[in-house]
Number of protein chains: 2
Amino acid sequence: MITQREIARRARTSLKTVSRVINRDPLVNAETRARIEAIIGELGYTPSQAARMMRSQKSNVIGFISDRVATTSSSIELIRGAQDAAWKAGKQMMLFNVERNSETERHAEEQLAAFRAEAVIYATPYHQSVDRTATRIPCVLLNCFDAVGGYHAIVPDDYRLAYELTSIILDRSYRRPVFLNLPEDIVAAPLRARGFVEAGAARGLDLSGAVHTAVVRDSAGAPVFIADHILPGLMAAAARPDLILCGQDMLAMNVYFALADLGLKVGQDVGVASFDNLHPIAKMLQPGLSTMALPYYEMGAAAMFAAIELDTHPPGIVRVSGRFVERASF
Amino acid sequence: MITQREIARRARTSLKTVSRVINRDPLVNAETRARIEAIIGELGYTPSQAARMMRSQKSNVIGFISDRVATTSSSIELIRGAQDAAWKAGKQMMLFNVERNSETERHAEEQLAAFRAEAVIYATPYHQSVDRTATRIPCVLLNCFDAVGGYHAIVPDDYRLAYELTSIILDRSYRRPVFLNLPEDIVAAPLRARGFVEAGAARGLDLSGAVHTAVVRDSAGAPVFIADHILPGLMAAAARPDLILCGQDMLAMNVYFALADLGLKVGQDVGVASFDNLHPIAKMLQPGLSTMALPYYEMGAAAMFAAIELDTHPPGIVRVSGRFVERASF
DNA sequence: CTGAAAGCGCTTACAG
DNA sequence: CTGAAAGCGCTTACAG
């Protein structure tokens with residue numbers, strides 16, 4: 001393995017001067033610099049990160065612990081955003097996909113401690129509360145928050161997401177929307193219900209009776225979509241809903257099939273709106289699903305920047321808003 | 001920061017003995033060991049990975065360069081499989097999501113060189129040919145292969161996947177299947193077409209006229225599904241197809257909508273089969289899509305094991321078979 | 001079973 | 001503008 005000492009020998013100069021060239025110290029004679037750079041290029045030399053870390057007492061490593069994030073395509077964007085931000089900042093991101101409170105999580109924390117990571121981003125696949133107590137490494141929470149507080153956290157502003165989406169819906173003259181919501185123990189569910197109802201109230205509409213839970217759990221805790229059970233009754237009413245707002249795009253897909261079974265055409269007989277912009281479902285549905293996208297990429301990037309500048313900012317929760325993606329479902 | 005020297009001082013022993021305890025060297029007095037372990041636990045000490053790498057001249061790092069793999073949910077499994085295998089082998093996997101031949105790829109290679117990675121896995125989001133020449137680090141190709149050869153490569157056995165799926169279809173008495181295939185420049189397409197036709201021939205059926213390309217590209221190169229253009233003609237024929245085999249699950253979704261437009265019920269009027277088992281689409285379609293799953297998790301794990309034992313095995317292409325996931329679409 | 005010495009490949013701190 | 005010395009925190013190689 002080539003070292004700076006070897007390069008110095010070949011360039012007939014000292015180890016230290018080679019180090020200066022590599023670290024872009026301007027105080028090097030131009031000719032000497034050129035000679036050294038030529039040799040480095042020729043030999044394909046790259047300085048040892050391990051030696052640098054050790055001597056400089058700086059790892060430049062930021063950890064990213066993802067609680068099963070890497071299994072849904074939208075939350076992958078959290079990782080991409082963080083990775084790109086790390087690159088721009090000259091940091092090395094180390095990713096660990098774990099299951100919460102399992103051995104995998106302990107392993108990740110240990111590896112990050114061994115690498116002397118400067119900070120850690122802890123991400124969850126959907127907005128939820130977590131309980132982080134026993135970590136040695138400073139932490140930024142992403143898509144989750146700690147009930148006790150005291151952490152930096154970046155989460156979607158679910159209330160606002162629902163308020164804005166409902167406003168768009170009502171501005172298009174829909175007057176009898178129903179909201180097929182996620183289970184109430186999901187953090188987003190009550191926040192969105194409130195946004196939905198308050199956006200209605202702001203336009204003189206009472207939507208408080210128009211919120212239904214359309215996702216339940218099976219015995220294993222896996223989500224089961226029951227739009228096909230709920231919609232027949234709802235759509236048979238005298239004042240039939242003119243739009244179905246869905247708690248997530250997967251539920252919207254379930255709604256598409258349920259409406260087809262009822263002989264109703266999405267976008268014509270009844271509007272459908274949703275949250276997520278889940279790739280590739282939102283686009284592949286026919287008609288394409290108009291939905292509120294969460295800016296996962298930007299959230300990941302924001303978390304990385306927060307992690308890098310952790311000590312210079314006071315902790316707090318940042319709520320990010322979304323972007324309406326218009327297709328053809330309402 | 002705590003060091004082994006500090007622990008040795010507190011335990012009234014030498015640095016070397018502490019090192020022995022940490023590295024599970026059995027030649028340590030039990031009492032001394034207990035004393036040292038107690039102090040380590042108390043202080044929450046973790047040995048510096050940087051120092052270990054440097055002194056032992058062994059990084060224990062395996063790189064994973066993914067060419068946009070981290071954007072489709074099925075190929076995420078490649079990453080999970082590799083990560084878990086690395087963990088089991090006591091290796092540290094370093095992941096880089098890149099775009100091929102871009103600056104991001106060069107950055108990844110440089111970082112991995114700086115960390116003195118022992119090997120690299122290069123993964124693509126679907127089976128394809130790549131051109132890898134200028135790398136210093138030994139490499140395993142995952143879901144791709146090098147036309148020139150000389151690399152370890154792990155790829156799906158597309159011919160066999162199609163042969164087996166077609167055999168299942170024909171064994172269920174379908175007699176007029178059509179294959180809506182991917183574009184011909186996709187590596188999998190001709191292999192699967194051959195598997196389809198040969199499985200038919202093995203049962204005395206000539207399927208050579210039953211293969212159609214149902215995915216084209218727009219001006220930007222993005223895939224466009226055209227089942228809705230192809231199916232009306234096909235389904236109007238006197239000898240109407242009794243099953244549509246789709247080149248991928250997203251195309252199958254397109255087919256579901258096209259068949260609905262024609263007033264045909266999937267699973268009753270006509271069967272649908274596919275390749276991928278794409279999460280969550282295959283499961284969310286109604287009826288659920290019966291499809292040939294690619295074992296991405298296992299492929300990722302196999303690539304990691306190959307990367308770890310790179311020099312002890314001769315290079316070659318490993319073709320992996322799939323697993324039929326039965327739902328209700330045929 | 002234990003330990004003193006050397007050294008991995010760099011950067012730091014200092015002296016010219 | 002340049003360089004000699006020290007040392008980051010470990011493991012290796014060796015000697016008891």
Side-chain angles (χ1 to χ4, degrees), chain A residues 1-37 39-40 43-61 90 92 110-118 136, chain B residues 1-37 39-40 43-61 90 92 110-118 136:
Chain A
M1 205 80 227
I2 295 154
T3 66
Q4 291 187 14
R5 164 164 275 117
E6 168 68 9
I7 291 167
R9 197 184 59 74
R10 296 196 188 207
R12 297 171 194 288
T13 176
S14 76
L15 175 60
K16 180 58 202 159
T17 301
V18 174
S19 174
R20 281 200 181 90
V21 169
I22 286 166
N23 292 291
R24 287 169 172 53
D25 184 329
L27 296 178
V28 178
N29 176 285
E31 198 192 313
T32 313
R33 171 187 305 281
R35 203 166 66 240
I36 291 172
E37 281 177 341
I39 293 171
I40 288 175
L43 266 44
Y45 168 77
T46 308
S48 158
Q49 196 58 31
R52 288 179 139 175
M53 281 175 164
M54 183 163 154
R55 178 62 253 223
S56 67
Q57 298 289 79
K58 215 174 164 324
S59 69
N60 267 325
V61 167
Q92 176 54 44
E110 215 170 288
Q111 285 295 310
L112 290 171
F115 274 99
R116 307 295 187 251
E118 295 164 3
R136 288 165 288 180
Chain B
M1 204 81 228
I2 295 153
T3 65
Q4 294 186 12
R5 162 163 276 115
E6 168 69 10
I7 291 166
R9 197 184 60 72
R10 297 196 187 208
R12 296 172 194 289
T13 177
S14 77
L15 174 61
K16 180 57 203 159
T17 300
V18 174
S19 174
R20 281 200 180 89
V21 169
I22 286 166
N23 292 291
R24 288 169 172 53
D25 185 328
L27 297 177
V28 177
N29 175 285
E31 198 192 313
T32 313
R33 173 188 304 282
R35 202 166 67 240
I36 291 172
E37 281 177 343
I39 293 171
I40 287 176
L43 265 43
Y45 168 77
T46 307
S48 158
Q49 196 58 31
R52 288 179 138 176
M53 281 175 164
M54 184 163 154
R55 177 62 251 225
S56 67
Q57 298 289 77
K58 214 174 163 328
S59 69
N60 267 325
V61 166
Q92 176 56 41
E110 216 170 288
Q111 286 294 309
L112 290 171
F115 275 99
R116 307 294 188 251
E118 295 165 2
R136 287 166 287 180

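Letters go in sequence order (proteins before strands), and every chain restarts at 1. Keep in mind it's a predicted model, so treat the numbers as computed, not measured.
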- Item | Closest non-hydrogen atom pair, B:Ile2 against B:Tyr45 | O-CE1, 3.4 Å

- Query: Are B:Gln49 and B:Gln92 side-chain neighbours, meaning at least one heavy-atom pair lies under 4.5 Å?
  - Reply: no

- Do A:Thr46 and B:Arg116 have side chains that get closer than 4.5 Å, going by heavy atoms? yes

- Task: Between D:dT11 and C:dG3, how far apart are the C1' atoms? Round to whole Å, please.
- Result: 14 Å

- Round to a whole Å and report the spacing from CD of B:Glu31 to C1' of C:dT2. 14 Å

- Query: Closer than 4.0 Å, any side-chain N/O of B:Thr13 to the OP1 or OP2 of C:dG3?
  - Reply: yes

- Taking only N and O in the side chain of A:Thr17, is any of them less than 4.0 Å away from OP1 or OP2 of D:dT2? no

- Would you say the side chain of B:Asn23 lies within less than 4.5 Å of the side chain of B:Arg52, judging by non-hydrogen atoms? yes

- Query: How many Å lie between CG on A:Asp25 and P on D:dC1, as a whole number?
  - Reply: 10 Å

- Item | Distance between P atoms of D:dA13 and C:dC1 (Å, rounded) | 22 Å

- Message: For D:dT2 and A:Thr32 - does any side-chain N or O of the residue sit under 4.0 Å from the phosphate oxygens OP1/OP2?
- Response: yes

- Using a 4.0 Å heavy-atom cut-off, write out nucleotides 8-16 of chain D from 5' to 3' as B (base contacted by protein), S (sugar-phosphate only) or - (no contact). BBBBBB---

- Base-pairing mate for C:dA4 - Watson-Crick or G-U, with both contacts under 3.5 Å: none

- Item | For D:dA13, the Watson-Crick or wobble counterpart (both distances under 3.5 Å) | none

- Side chains of B:Ser48 and A:Met54 in contact at under 4.5 Å (non-hydrogen atoms): no

- Task: Ignoring hydrogens and angles, tell me if any N or O in the side chain of A:Arg24 forms a donor-acceptor pair with the backbone of A:Val21 under 3.5 Å.
- Result: no

